[in-house]
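Here the structure is a predicted model, which means the values were calculated and not measured. By convention in this document, chain letters (A, B, ...) are assigned in the order of the sequence lines, proteins followed by strands, and residues within each chain are numbered from 1.
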Amino acid sequence: MDLGIFEKKVLKKLLEIPSGKVSTYKLLAIAVKNPKAVRAVGNALHKNLDAPRVPCHRIVKSDGGLGGYGGGQTKKIKLLESEGVKVKNGRVLDFEKIIFRFK
DNA sequence: ACGACGGCCCTCG
DNA sequence: ACGAGGGCCGTCG
């Protein structure tokens, strides 16, 4: 089962996200030139086979929420905090400051 | 080819 | 400020 071309792009963009920072589904959608395909993007991350290989855990919701995670948000939080991203109550602290915008 | 699902986003009440 | 509903996109069975 090969990943769709869309997911491929998404994963590639994910690799551009530096450690200690996070991005949003929407920004990703925009990065792939499909601002409305935010759901498809989420799908891509969910189907992502290379769990830690791809920083899918660095993706949060537009409002700074953790969003979801294929292995459980708990693990996601753990990973994020491991990179220096503080999470509180399912919410990223200083979200607006550590967010990475695909330039 | 069709229908359903998904780690969502936005607007309206 | 909170809750509910609708909409869009791609991939899988």
Looking only at the side chain of [X] (C-beta and beyond, no hydrogens), which of the listed nucleotides [options] gets closest?
| X | options | result |
| --- | --- | --- |
| A:Glu7 | C:dC9, C:dT11, B:dC9 | C:dT11 |
| A:Lys61 | B:dC10, B:dC8, B:dG6 | B:dC8 |
| A:Asn34 | C:dC9, C:dC12, B:dC9 | C:dC9 |
| A:Lys36 | B:dC10, B:dG6, C:dC8 | C:dC8 |
| A:Ser62 | C:dG10, C:dC8, B:dC9 | B:dC9 |
| A:Phe6 | C:dG10, B:dC9, C:dC8 | C:dG10 |

Which residue is it: A:Leu14, A:Thr24, A:Val22? I am looking for the one with a side chain to side chain contact (heavy atoms under 4.5 Å, CB included) to A:Ile59.
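Answer to the side chain to side chain contact (heavy atoms under 4.5 Å, CB included) test with A:Ile59 among A:Leu14, A:Thr24, A:Val22: A:Leu14.
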Specify the separation, in whole Å, of atom [atom1] of [X] and atom [atom2] of [N].
| X | N | atom1 | atom2 | value |
| --- | --- | --- | --- | --- |
| A:Arg39 | C:dG10 | CZ | P | 13 Å |
| A:Lys9 | C:dC9 | NZ | P | 15 Å |
| A:Asn43 | C:dG13 | CG | C1' | 13 Å |
| A:Ile59 | B:dC9 | CD1 | P | 11 Å |
| A:Tyr69 | B:dC8 | OH | C1' | 18 Å |
| A:Asp63 | C:dC2 | CG | C1' | 14 Å |
| A:Tyr25 | B:dC8 | OH | P | 6 Å |
| A:Lys76 | B:dC8 | NZ | C1' | 12 Å |

Within the 4.0 Å heavy-atom criterion, would you say A:Leu66 contacts the bases, only the backbone, or no part of the nucleic acid?
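Nothing: the residue A:Leu66, judged by heavy atoms under 4.0 Å, touches no strand.
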Heavy atoms only, 4.0 Å cut-off, all strands: where does A:Ala40 land among base, sugar-phosphate and nothing?
base
Starting at the 5' end of DNA chain C and moving along, which residue's nearest nucleotide shows up first, A:Gly4 or A:Val38?
A:Val38
With a 4.5 Å cut-off on side-chain heavy atoms, are [Y] and [X] touching?
| X | Y | value |
| --- | --- | --- |
| A:Tyr69 | A:Leu45 | no |
| A:Val87 | A:Arg91 | no |
| A:Ser23 | A:Val60 | no |

Sidechain N-carboxylate O distance under 4.0 Å for A:Lys103, A:Glu16:
no
Examine B:dC10: is either OP1 or OP2 under 4.0 Å from a nitrogen or oxygen in the side chain of A:Lys26? Give yes or no.
yes
Counting Watson-Crick and G-U wobble pairs only, both distances under 3.5 Å, name the nucleotide matched with C:dC8, or none.
none
